[in-house]
Colleague: 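Before I ask anything, here is the structure I am working with.
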Amino acid sequence: ENTEGEYSGIEHEVVDGVVQSIKLITRKASLRVAEFAFMYARANGRKNVTAAHKANIMRRADGLFLTCCDEVAAQYPDIKYNKVYLDTVCLQLVQDPTQYDVLVMPNLYGDIVSDLCAGLVGGLGLTPSGNIGADNVAIFEAVHGTAPDIAGQDKANPTALLLSGVMLLRHLNLTPYANNIERAIFRTIKEGKVLTRDLRGSAKCSEYTNEIIRNLT
């Protein structure tokens, strides 16, 4: 996701009862996120990058974002590049998510689509996230946050946090360790014997975690 868009937080009240929110798109940030998307695709053996947009409505803002994506795509001839309307992306993700690979888009769109994709694979309890900043400084965290309503009850699904750790390890070029943990998680879920309640199981967080540890190679 780009860091700008509607989440730039520029809002003001024009007159009483009328509020205006500014969608901010800059060339610098758009080029940066597009470059990251294509670099990630190449580094991870991905074949397709899709830019999701609404340039048919927001011709200048999303238009600039698309222009930047076009420029970067031209530097990566080995990677297929598509431009698809955001609403079409959402529809097709639900119908057949396998037609997409890497998606790049402004912030608000990415926030919505990432939750949609989380729902396709089992929910926010399974979904990791990473924030990649300048000079490769990064923060990795579970999408769902801290879940304070079940804190201390040994109920939470730790998968999202563990997979965020996997992303961190890969970011640090510790790929063998990341792969080992990821395989153990996937094996545990595939076996289906020890799962947390959100995955239709009855195991506690600690029991599920111990099962993942058992599956480490």
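When reading the values below, keep in mind they use all heavy atoms of this one structure, side chains included, and skip hydrogens, waters and symmetry mates. Remember, it's a predicted structure, so these values are computed and weren't measured experimentally.
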Colleague: Are the side chain of D154 and the backbone N or O of S206 linked by a donor-acceptor pair below 3.5 Å?
Modeller: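 At least one qualifying donor-acceptor pair exists.
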Colleague: So, T127 side chain and V143 main chain: donor-acceptor pair closer than 3.5 Å or not?
Modeller: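 Looks like no, no N/O pair under 3.5 Å.
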Colleague: Between H171 and V137, is there a donor-acceptor pair closer than 3.5 Å when you use the side chain of the first and the backbone of the second?
Modeller: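 Between the backbone of V137 and the side chain of H171 there is no qualifying donor-acceptor contact (under 3.5 Å).
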Colleague: Taking the side chain from T88 and the backbone from V84, do they hold a donor-acceptor pair closer than 3.5 Å?
Modeller: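 Here the side-chain-to-backbone pair does not exist.
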Colleague: Say you draw a straight line from CG of L66 to CE of M105; how long is it, rounded to the nearest 0.5 Å?
Modeller: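 So the CG of L66 and the CE of M105 are separated by 11.5 Å.
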Colleague: Identify the residue among N44, T175, N179 that makes a side chain to side chain donor-acceptor pair (under 3.5 Å) with R170.
Modeller: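 Running side chain to side chain donor-acceptor pair (under 3.5 Å) over N44, T175, N179 with R170 returns exactly one hit, N179.
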Colleague: Is it the case that the side chain of N180 and the backbone of T217 share a donor-acceptor pair, with hydrogens and angles ignored and the cut-off at 3.5 Å?
Modeller: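 Answer holds: yes.
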Colleague: Counting only heavy atoms not in K204 (residues, nucleotides, ligands), do more than 12 fall under 6.0 Å from its NZ?
Modeller: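 Counting neighbours around NZ of K204, 12 or fewer heavy atoms of other residues, nucleotides or ligands fall under 6.0 Å, so no.
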Colleague: Judged by atom type as modelled, is there a donor-acceptor pair below 3.5 Å linking the side chain of S164 to the main-chain atoms of E141?
Modeller: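 It does hold such a pair.
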Colleague: Determine whether a donor-acceptor pair (N or O, by modelled atom type, separation under 3.5 Å) exists between the side chain of Q153 and the backbone of D149.
Modeller: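 Yes; at least one donor-acceptor contact below 3.5 Å.
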Colleague: Considering the options V102, V104, V49, which one meets the side chain to side chain contact (heavy atoms under 4.5 Å, CB included) requirement together with F38?
Modeller: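 Exactly one candidate clears the test, V49.
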Colleague: Backbone N or O of I22 within a donor-acceptor pair of the E11 side chain at under 3.5 Å?
Modeller: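 Checked: no pair found.
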Colleague: How about CZ on R214, more than 12 heavy atoms from neighbouring residues, nucleotides or ligands closer than 6.0 Å, or not?
Modeller: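 Counting neighbours around CZ of R214, more than 12 heavy atoms of other residues, nucleotides or ligands fall under 6.0 Å, so yes.
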